[in-house]
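What you are looking at is a predicted structure, and each value in this text was computed from that prediction instead of being measured. All chains are named by letter (A, B, ...) in the order of the sequence lines, taking the proteins before the strands, and each is independently numbered beginning at 1. The analysis underlying the following values was restricted to heavy atoms, covering all of them including side chains, and did not include hydrogens, waters or symmetry mates.
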Amino acid sequence: MKIVTWNINGVRARIGNLLHWLQEANPDIVCLQEIKTQDEGFPRLEVEALGYHVETHGQKGFNGVAILSKLRFDEVNRGLPGDDSDDHARFIEGVFSTRQGALRVVSLYLPNGNPADDPVKFPYKLAWMERLERWARGRLDLEEPLVLAGDYNVIPEPIDARFPENWVNDALFQPATRQAFRRLENIGFTEAVRATTEAAGVYTFWDYQAGAWQKDNGIRIDHLLLSPEAADRLAATSIDKHVRAWEKPSDHVPVAVELALDAA
DNA sequence: ATGGCAGCGTCCCGCTGA
C-alpha cells in the first residue's frame, strides 16, 4: 500500500502535473494540501478517470486538502475537532478497509505561523498543533494503522535544512514548533522518512524565489507520522524529487510511504 | 527575505505562502 503526501499549491493550476504524476507513481492513496479551491472547483472527473475516489475539504482561494484513493472510502471526516471558530480547511480523514483491518489516513495542512512574532498567526499554529495532539491521542486508543500525512510546516532538526541558520527566526524552526512536533512523536508516532534514513540533504520543499531549487536550498517540512500499528508495517519511503524540475512545478514534492497492507 | 515567485480573487493589484 503506497500512501503519498503532496502540497500541490493549487490543484487547478497543477492538474496536468497531477495526472502525469499519478500515472507515473501509481499511488494507492494520495493526500493533497493547498488545493486552493472550493470542493466544486476540484477537477474530480479527470482524477476519477484514472481510477481514484476523491474526497475534498476545500475553501475559496487558499488552504484546502483532499484525499484521492483507489480504495473506497468507508468514512470521511472533515475538519480538526477542538475549535468551532476555526474555519480554515486544513484537515480531512479517510477510513479504508484492508485485508489486515481498518486503515485511517489524514491529509493535513498545518498553519505556517509566520511571522514568528505575530500575535495571531504563530499562536494559531501552536494551538493547532495542540489540537492535533489531543485528537491523535484519542485515535491511538483505537490501536489501528493510522497515517498522519501532510505539510506540517515544521523543520524538525537542523539536518532538515540546507542552511539551518537562515531559519532560526522562522516559525517553521522555532523551539516551540519543534517541541510540539516532538510531542507528536513521543505519544507514539513514528516519522516515516527519518525512520528509514539518517542522510542529510533530504528535502521536500524548495522556494520559488532566489534560485532555491537550482542551489538545492531546500527544507524538509512534509511528513508522514505513523501510529505503532502502521509503523510495524513500514516497508520503505521515497521522495519524488524530480517532480520539482517539471514545467510549472509546485514548490513541494510528493513524499511516499510503503506499508505492508493489502486492499480488501 | 531589506522579499527576487506563484496562485488566487477583490482579477493587472493585493493577499498569502514559507
Next on the checklist: Show me the pairs that pass side chain to side chain donor-acceptor pair (under 3.5 Å) and involve residues 163-173 of chain A, at least two apart or across chains.
Outcome noted: A:Asn114-A:Asp170
Over how many whole Å does the gap from [X] atom [atom1] to [N] atom [atom2] extend?
X	N	atom1	atom2	answer
A:Gln214	B:dC5	CD	P	11 Å
A:Phe205	B:dA6	CZ	C1'	11 Å
A:Glu247	B:dA6	CD	P	11 Å
A:Tyr124	B:dA18	OH	P	12 Å

Next on the checklist: Is the phosphate of B:dG7 approached by A:Arg14 (side-chain N or O, under 4.0 Å from OP1 or OP2)?
Outcome noted: yes
Checklist entry - Counting just side-chain N and O atoms, does A:Lys248 come under 4.0 Å of either OP1 or OP2 of B:dC5? => result no
Next on the checklist: Determine whether A:Arg178 and A:Glu157 satisfy the following criterion, salt bridge (Lys or Arg N to Asp or Glu O under 4.0 Å), listing intermediate values before the conclusion.
Outcome noted: CA-CA 8 Å; A:Arg178 296 171 58 196; A:Glu157 299 291 335; 3.2 Å; yes
Checklist entry - On DNA chain B, nearest-nucleotide positions of A:Lys215 versus A:Asn166: which is more 5'? => result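 Mapping each residue to its closest nucleotide by heavy atoms, the 5'-most match is A:Asn166.
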Item to check | 5′-ward residue of the pair A:Gln38/A:Leu110 relative to DNA chain B | outcome: A:Gln38
Next on the checklist: Looking at A:Arg162 and A:Lys215, would you say the former's side chain and the latter's main chain have a donor-acceptor pair under 3.5 Å?
Outcome noted: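 Such a contact is found between A:Arg162 side chain and A:Lys215 backbone.
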Next on the checklist: Taking the basic N atoms (NZ, or NE/NH1/NH2) and the acidic carboxylate oxygens, is any pair closer than 4.0 Å for A:Glu144 and A:Arg104?
Outcome noted: yes
Do any N or O atoms of the protein come closer than 3.5 Å to N or O atoms of nucleotides 10-14 of chain B, and which pairs are they?
none

Can you tell me how far [atom1] in [N] sits from the matching atom in [M], rounded to whole Å?
N	M	atom1	value
B:dC15	B:dT10	C1'	10 Å
B:dA6	B:dC11	C1'	15 Å
B:dC12	B:dG7	C1'	14 Å
B:dC13	B:dT2	P	27 Å

Checklist entry - Is the A:Tyr124 to A:His88 ring centre distance short of 6.0 Å? => result yes
Checklist entry - Are the aromatic rings of A:Trp135 and A:Phe91 close, with centres under 6.0 Å apart? => result yes
Item to check | Sequence-distant partners of A:Lys241, side-chain hydrogen bond (donor to acceptor under 3.5 Å, both in side chains), two or more places apart | outcome: none
Using atom names, set out every protein N or O paired with an N or O of nucleotides 15-17 of chain B below 3.5 Å, distance rounded to 0.1 Å.
residue : atom : partner  : partner atom : Å
B:dG17  : O3'  : A:Tyr109 : OH           : 3.4

Checklist outcome for this item: Sequence neighbours excluded, the answer for ring pair (Phe, Tyr, Trp, His ring centres under 6.0 Å) partners of A:Tyr203 is none
Checklist outcome for this item: For A:Arg244, the salt bridge (Lys or Arg N to Asp or Glu O under 4.0 Å) test, sequence neighbours excluded, returns none
